[in-house]
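Heads up, the thing below is written out as structure tokens.
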Amino acid sequence: MIKNYLQWAENKPTQKSSTHFNQKGAAILATDLLKSYFEKGLIRQARNLFDEMPERDVVAWTTMISGYTYCSEYTHAWCVFVDMVKSENEPPNAFTISSVLKACKGMKSVFCGGLVHALAIKRRLVEGFIYVDNALMDIYATCGVSMRDACVVFHDIKEKNVVSWTTLIAGYTHRGNSSRALQIFREMLLEGAEMNPHSISIAVRACASIGSENLGRQIHNAVIKQGFESDLPVMNSILDMYCRCGCLSEAKKYFNEMSEKDLITWNTLIAGYERSDSIEALFIFLQMESDGFSPNCFTFTSLIAACANLAALHCGQQVHGGIFCRGLNGNLELSNALIDMYAKCGNIFDSHKIYSEMSCRNLVSWTSMMIGYGAHGYGKEAVELFDEMVRSGIRPDRVVFMAVLSACSHAGLVDQGLRYFNCMMDDYHIKPNQEIYGCVVDLLGRAGRVEEAYQLIRSMPFMADESVWGALLGACKAHNLSKLGKLAAKKALALRPNMVETYVMLSNIYAAEGEWGEAARMRKMMKRAGCKKEAGRSWIEVQNQVYSFVVGNKKGSHIEWVNEVLELPGRHMKEAGYVPELDCLIHDQEDGT
DNA sequence: ATAGGGTTAG
């Protein structure tokens, strides 16, 4: 190996005029070669060369550490650093420290980061060595328990630069504290630090995650003014911001104007459309493929979610096939999306199959499976899964409590559900939000414990919103409690006067009591509030086509045989002795919906 | 000759 590089070195003209190699020149050339080996992914060759080098100076050691890190071999990088410190010949310099800190970040080891920090203090390589200070901030911000240590380092930096600010902002954003991140972004501008593409893209991401369209637009204007429109990460984050703020047509406009696009650009737009127009998301994917891009895990996750939203089982299965072909089926997020898709398409067994074949799971995996079970009426299974999850050492969050509570509600496991509600507050100190209260009201209400549900609302530490009152209203309607029902409906309407369902329900309560005048008055109020009831729409997939239909749908090319299919469950229900309860039907409006 | 922060997935 060493012969190789000497041969190579001899053929390469040196910048220096010296005609022969001294040791120093050879070492420099060896380090050069070391670097280019890593850049080509030739890790083995780099290691052999390093092992054969007679003199290894601090630069060579540092090149090894950053080379391994470049190739994502973080543990190897760390081992080189340990060997270097042990050998005591070449003490690490600021370059070494910042390189090895990046390796610590790759290992997600704040412990190793702390050791390096201690060594850096001992060798007086902190405060004033901006690369070291910024790298320290970065490891504490990304891997620390909180932002505290990162802040301590930040405040001790006398001359902060854009990188210091950006690292701090990114730390808060990635931890989900985007408003703090944006505060710091403002502070940065006030202190006179100039924004650059890096700081802009993280600030825009923060805007996107809290839906701050206003600030997002301001930053977009600044981007145009300063000519950063050609920077891909910047434009991708702006695209994402418009998507998350619900400005899809604008997002598409800027997408079309982009001269250069990468896979992330396409993925961002597909994910944006998936949330509100899943069919369009699938069309954009087809365009993406004809543009020569191949899908990755991110693309597939959005496509699977789109199929889930559309309840398009066949399409979802085809996408699943594509995932398999590319060997992407081990991806955690993708598996989570598949669990959800199969459950939403009515195929709970395939959902469970994906779940059970996963080699590692996160909170989302468990939650998706529980939501699936709950929606299919498998309350007991959801409850068992929840207990198993807690036993396996995963700490539940509000979303998974929501999943298990809603499963209990649908399966009529009232006391079980109430136990989880109390456990959430007492053992995990999670404060219930509107959604959780709504779920518990629903849980009590379905079981006929409507008075208890009302008392729960009265005991809430904040004002119940229209969805909580709506849950109570539903319970009142199911159990014919007209007095409390009227109260719930009025409360809900006071909070959201344009909720059609509430008017219809209230009107129906009056109608059921024979108070036709009041019932008609509600209808008029509803018209005045300018709202119209969306017809309840159902859909069915037959032979790779999704058909949607409403009650009383008569014309259409395919509706006749869809109706035929639909008669089957009706017949089964009749055979089982089911008698429809006619006074529960929502009274039709004049326009026939 | 060796070191930096940014974009997509519930």
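Chain A is the first sequence line, chain B the second, and so forth, proteins listed ahead of strands; every chain is numbered from 1.
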- Please give, in whole Å, the distance from B:dT8 P to A:L263 CG? 13 Å
- Query: Do A:N161 side-chain and B:dG4 base share a donor-acceptor contact under 3.5 Å?
  - Reply: yes
- Query: When we call it a touch if two heavy atoms are under 4.0 Å apart, what does A:D138 touch: a base, just sugar-phosphate, or nothing?
  - Reply: sugar-phosphate
- Nearest to side-chain heavy atoms of A:I264, which nucleotide of B:dG6, B:dT2, B:dT7: B:dT7
- Query: What's the closest nucleotide to the A:K105 side chain, out of B:dG10, B:dT2, B:dG5?
  - Reply: B:dG5
- May I have the distance from A:H198 (atom NE2) to B:dG6 (atom C1'), rounded to whole angstrom? 6 Å
- Note on the structure: From the candidates B:dG4, B:dA3, B:dG10, the one with an atom nearest any side-chain atom of A:S98 is B:dA3
- Note on the structure: Closest to the side chain of A:V399, out of B:dT2, B:dA1, B:dG10, is B:dG10
- Message: Can you tell me which nucleotide in B:dT2, B:dT7, B:dG10 comes closest to the side chain of A:T62?
- Response: B:dT2
- Item | Nucleotide nearest A:E274 (side chain, heavy atoms from C-beta), chosen from B:dT8, B:dG10, B:dA1 | B:dG10
- Query: From A:C207 SG over to A:R217 CZ, what is the distance, rounded to the nearest 0.5 angstrom?
  - Reply: 11.5 Å
- Considering only NZ, NE, NH1 and NH2 on the basic side and carboxylate oxygens on the acidic side, decide whether A:R47 and A:E52 come within less than 4.0 Å. no
- May I have the distance from A:W366 (atom CH2) to B:dG10 (atom P), rounded to whole angstrom? 21 Å
- Atom CD1 of A:I157 and atom P of B:dG4 are separated, to the nearest Å, by 16 Å
- Can you tell me if A:T299 and A:N267 form a side-chain donor-acceptor pair at under 3.5 Å? yes
- Item | Distance, rounded to the nearest Å, where A:N196 contributes CG and B:dG5 contributes C1' | 8 Å
- Which part of the nucleic acid, if any, lies within contact of A:D231, taking any heavy atom under 4.0 Å across all strands shown: a base, the sugar-phosphate backbone alone, or nothing? base
- Message: Using whole Å, what does the distance between atom C1' of nucleotide B:dT8 and atom CZ of A:R275 come to?
- Response: 9 Å
- Task: For the residue pair A:F285 and A:F300, categorise the inter-ring angle as parallel (less than 30°), tilted (30 to 60°) or perpendicular (more than 60°).
- Result: tilted
- Query: What is the distance, rounded to the nearest whole Å, between atom CG of A:N134 and atom C1' of B:dG6?
  - Reply: 14 Å
- Message: Rounded to the nearest 0.5 Å, what separates atom CD1 in A:I202 from atom CE in A:M195?
- Response: 15.0 Å
- Message: Starting the side chain at C-beta, find the nucleotide from B:dG10, B:dT8, B:dG6 nearest to A:V234.
- Response: B:dG6
- Task: Looking only at side-chain atoms of A:T301, point me to the closest of B:dA1, B:dG10, B:dT7.
- Result: B:dG10
- Are A:S178 and A:S209 linked by a side-chain donor-acceptor pair shorter than 3.5 Å? yes
- Item | Any A:K102 side-chain N or O less than 4.0 Å from OP1/OP2 of B:dG4 | yes
- Message: Checking contacts here: which listed nucleotide (B:dG5, B:dA1, B:dT2) is nearest the side-chain heavy atoms of A:I28?
- Response: B:dA1
- Query: Between B:dG10, B:dA3, B:dT7, which one does the side chain of A:P233 approach most closely?
  - Reply: B:dT7
- Can you check whether any acceptor in the base of B:dG5 is under 3.5 Å from a donor in the side chain of A:T167, or vice versa? no
- Task: May I ask you to say what A:T63 touches in the nucleic acid, namely base, sugar-phosphate or nothing, with a heavy-atom cut-off under 4.0 Å?
- Result: sugar-phosphate
- So, is A:H174 close to the B:dG5 phosphate, meaning a side-chain N or O under 4.0 Å from OP1 or OP2? no
- Can you find a donor-acceptor N/O pair under 3.5 angstrom joining the side chain of A:D340 to the base of B:dG10? no
- Checking all strands, does A:D57 fall into the base, sugar-phosphate, or nothing category for heavy-atom contacts under 4.0 angstrom? base
- Across the strands shown, which category fits A:V162 at heavy-atom distances under 4.0 angstrom: base, sugar-phosphate, nothing? base
- Please test A:Y140 against A:H117 for side chain to side chain donor-acceptor pair (under 3.5 Å), starting from the C-alpha separation and ending with a verdict. CA-CA 10 Å; A:Y140 287 132; A:H117 192 175; 2.8 Å; yes
- Rounded to whole Å, CG of A:N267 lies from C1' of B:dG10 at a distance of 16 Å
- Check: B:dA3 base within 3.5 Å donor-acceptor of A:S99 side chain: no
